[in-house]
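Input: a single structure, listed below in structure tokens.
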Amino acid sequence: MTRAASLRAASIEQQVNALLERMTLEEKIGQMSQVNAAGGHVPAHLREAVRGGRIGSVLNEVDVTTVNELQRLAVEESRLGIPLLVGRDVIHGFKTVFPIPIGQASSWDPTLVSTGARIAADEAAAHGVNWTFAPMIDIARDPRWGRVAESLGEDPYLAGVLGAAMVRGFQGDDLADRGSIAACAKHFAGYGASESGRDYNSTNIPENELRNVYLPPFKAAVDAGVATLMTSFSDLDGVPATANTFLLRDVLRDEWRSDALVVSDWESIRQLAVHGFTEDDRDSAYQAANAGVDMEMASTTYADHLASLVHDKRISMQQVDTAVRNVLRVKFRLGLFDEPYTDPAAFLPAANDAHLQAAYDAAVASAVLLKNDDWALPLHADQLGTIAVIGPLADDPYEQLGTWVFDGDASHSRTVLRALRERIGDRADVAYARGVATTRSRGHDDFAEAVALAERADVAVLVLGEEAILSGEAHCRADITLPGAQEALLKAVAATGTKVILVLMTGRPLALESAVRHAHAVLCVWHPGTMGGPAIADLLLGERAPSGKLPVTFPRVTGQIPIYYAHRNTGKPVTHESYVFIDDIEARAPQVSVGNTSFHLDTAFTPLYPFGHGLSYSHVEYEHLWTSTAVLRMNGSLTIGVDVVNVGPRDTTEIVQLYVRDLVGDITRPVRELKAFTRVSLARGERRQVEFTLTPRDLAFFGRAHRLIVEPGRFHAWIGGSSATELRTEFVLVDDSTR
Ligand code: NOJ
């Protein structure tokens, strides 16, 4: 912290304390209560509650006149004049919708992610919103879970870097600046491990796994100064996150020294009783307040019971004061006491050209070219008479926006079909057939039209995947193949012999092993947002080149889940030699286990596309991997470098990735872990040296005793263009003090 910042923090602390001294218990509990707004008007009960100081925050009010009226009631008509926090799920854009978070994560570009958050904050702030419930930084290793769409993927390091970038984007340099809003790191913690990828389900996470995998992104967000955190709906080893003293006290407050505001999730305090963790609402209020949840979202157990819990000395006034301090601090940091009102005229219009350009850039950078046989892409419009555009997502302004777009304005959306027509003009005929009504439709009635179109076309671009509602909160799937009749449509079109390009618009990785056989190229664009169409058209036509890399593994079949790159080795790791396919087993084969390894009989042991994978329109080779020393000392550092060479036909951008394996550990260690990455632009033919520096801190992990340790020993290190890279070196970490 700079001197000026620490002086300001001290002065805020003084103001918080001075205000706290004047507050009644009822007013304090009011600050700990968040209620849902009515949307566009202030009903009488809300008016009275705000006037009476019984509410500290509202959510879901984006009509700026109404927000200003609520603030006026709070500031001018309540006894102490404390302004309101106004919360909203601004997850990947407000009016201008950016790619869904898993898409943005495919850019591996913190600057781009931060810019998107900044624009979202600005558009939301123009409506009086001063608090977003983002970033969602739950590690997601199960693509059945619908919320993988909102996540930044499966890797703690990548999610931490990008999550921190989002926090910086939302909050800006100073929360009091116009266009800055408070961010919220959610859902603390472990939600991504929901059993069977079913939303809200239980999680069982050993403490070292929790600390090594699920908590690091939250630590990164706290280090980036995130103003608030939200507890998870899920339970963790039987203790719901919303009443989890280990998470909320031991880790967040005691270890990380965070004074961020902690809000519950929607009614998650009341749900403590449903979990079977508490007797009733009063007990729930006790457990949550005691664990350190500062504000209750939507349910009213605090409003109903906290005062009596204080009178009965079950909750101390000190606990209440700590919670209220955490709330008031955010309000002071946001500058709400100085300027509670929003003047929309002070903001640039939403969805202005600069915002649309940023959304376009993000959609381009989010696209991952999964497959490109015989350089099927890019298309050369001048050489194509007819381009068949097929599929229910090719021309749907709403579905391309994805999940969590309460405020997204589909009227700004540009679709793939429209953009292709605009870009191509009269150079080729761009003809359209929907093929199936929605991504879920099972009927084949419209196939004939699509097939006939493909037959007369020179190339077929199929825009398939999942419509927005199939992912996101509460939208989990047990079978993550292409829904409905889409694979059959793809097959029918491919049977015409026309070259097939599959553009995959989806909220999750899909199990595409059988589907991709019918496509020459597969471009995964996730739900690309407002500017998806122009971005995809430019990628297809080679005006722009894909550069995204997967932030999450694509399984071949659903049954492989969970499948992620940073798994442990087991005592019987599979090899190509030991692998046995079901068809290769003789009839009446006797039972054998000796020599067998860890695999499924009915699918390959590798994923369809590994974490970090992504092709471009050029080809990059990695050569001359080197380390500055073979011996890394505890107080030293090590440089690992490689030559990255663009040997392909055009300029390109490559995301260079460094992975490390700790060969022997106090607990068994992942076979690879991402430790660093960088985006490199390479002109055609260009060779560049890329270097990363590692220190022992980068190799630290939580061991059996749940303490952060750095162990001497041998390490492997790889640099390459995906987690499957084979270019490897090694080094030894030496602790001189123990020799
Ligand atoms: C429930 C979701 O889990 C959370 O992510 C969201 O921010 C809240 N509802 C508020 O809408």
Side-chain angles (χ1 to χ4, degrees), residues 33-39 55-62 84-94 100-102 117 120-121 124 127 129-140 145-152 159 163 166-167 170 181-194 197-203 214 217-218 221 226-236 240-242 244 260-272 274-275 288 293-300 330 402-408 468-469 471-476 507:
S33 304
Q34 182 185 52
V35 305
N36 200 29
I55 283 174
S57 172
V58 294
L59 75 163
N60 296 333
E61 184 54 74
V62 292
L84 298 166
L85 288 175
V86 180
R88 182 69 158 174
D89 289 288
V90 184
I91 309 295
H92 54 110
F94 192 73
I100 53 172
I102 192 77
H127 288 250
V129 172
N130 51 39
W131 184 12
T132 177
F133 304 124
M136 195 274 231
I137 46 179
D138 297 310
I139 293 304
W145 192 44
R147 304 199 82 166
V148 70
E150 301 170 50
S151 83
L152 300 171
M166 276 193 184
V167 170
F170 286 126
I181 62 178
C184 181
K186 70 185 190 186
H187 306 83
F188 196 61
Y191 192 16
S194 293
R198 187 154 55 76
D199 211 358
Y200 317 127
N201 207 356
S202 296
T203 77
Y214 292 89
F218 287 93
V226 73
T228 77
L229 288 92
M230 185 187 294
T231 63
S232 170
F233 281 128
S234 47
D235 69 350
L236 172 65
T242 300
N244 197 305
L261 186 175
V262 173
V263 66
S264 76
D265 203 340
W266 185 278
E267 295 197 335
S268 69
I269 299 185
R270 175 158 286 155
Q271 289 160 10
L272 293 174
V274 186
H275 277 280
V293 178
D294 303 317
M295 183 182 280
E296 176 169 22
M297 182 191 289
S299 49
T300 57
V330 177
T403 185
W404 280 131
V405 289
F406 287 160
D407 306 288
I469 196 61
S471 61
E473 186 182 348
H475 289 81
C476 304

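Note that ligands are numbered from 1 as they come in the structure, with each ligand's atoms numbered from 1 the same way. Bear in mind the structure is a predicted one, so any value in this text is a computation, not a measurement.
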Between [X] and [Y], a side-chain donor and acceptor under 3.5 Å:
X	Y	result
Thr231	Asp265	no
His275	Asp235	no
Glu267	Ser299	no
Tyr200	Gln271	no

For ligand 1, run through the N/O pairs with the protein that fall under 3.5 Å and put one pair on each line.
residue	atom	partner	partner atom	Å
ligand 1	3 (O)	Arg147	NH1	2.7
ligand 1	3 (O)	Arg147	NH2	3.4
ligand 1	3 (O)	His187	NE2	3.4
ligand 1	3 (O)	Asp265	OD2	2.5
ligand 1	5 (O)	Arg147	NH2	2.9
ligand 1	5 (O)	Lys186	NZ	2.8
ligand 1	5 (O)	His187	NE2	2.7
ligand 1	7 (O)	Asp89	OD1	2.6
ligand 1	7 (O)	Lys186	NZ	3.0
ligand 1	9 (N)	Asp265	OD1	3.3
ligand 1	11 (O)	Asp89	OD2	2.4

Glu296 backbone acceptor or donor facing Ser264 side chain under 3.5 Å: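 Judged by distance alone, no pair lies under 3.5 Å.
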Check: Tyr191 ring centre within less than 6.0 Å of Trp145 ring centre: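 Ring-ring flag for Tyr191/Trp145: true, centres closer than 6.0 Å.
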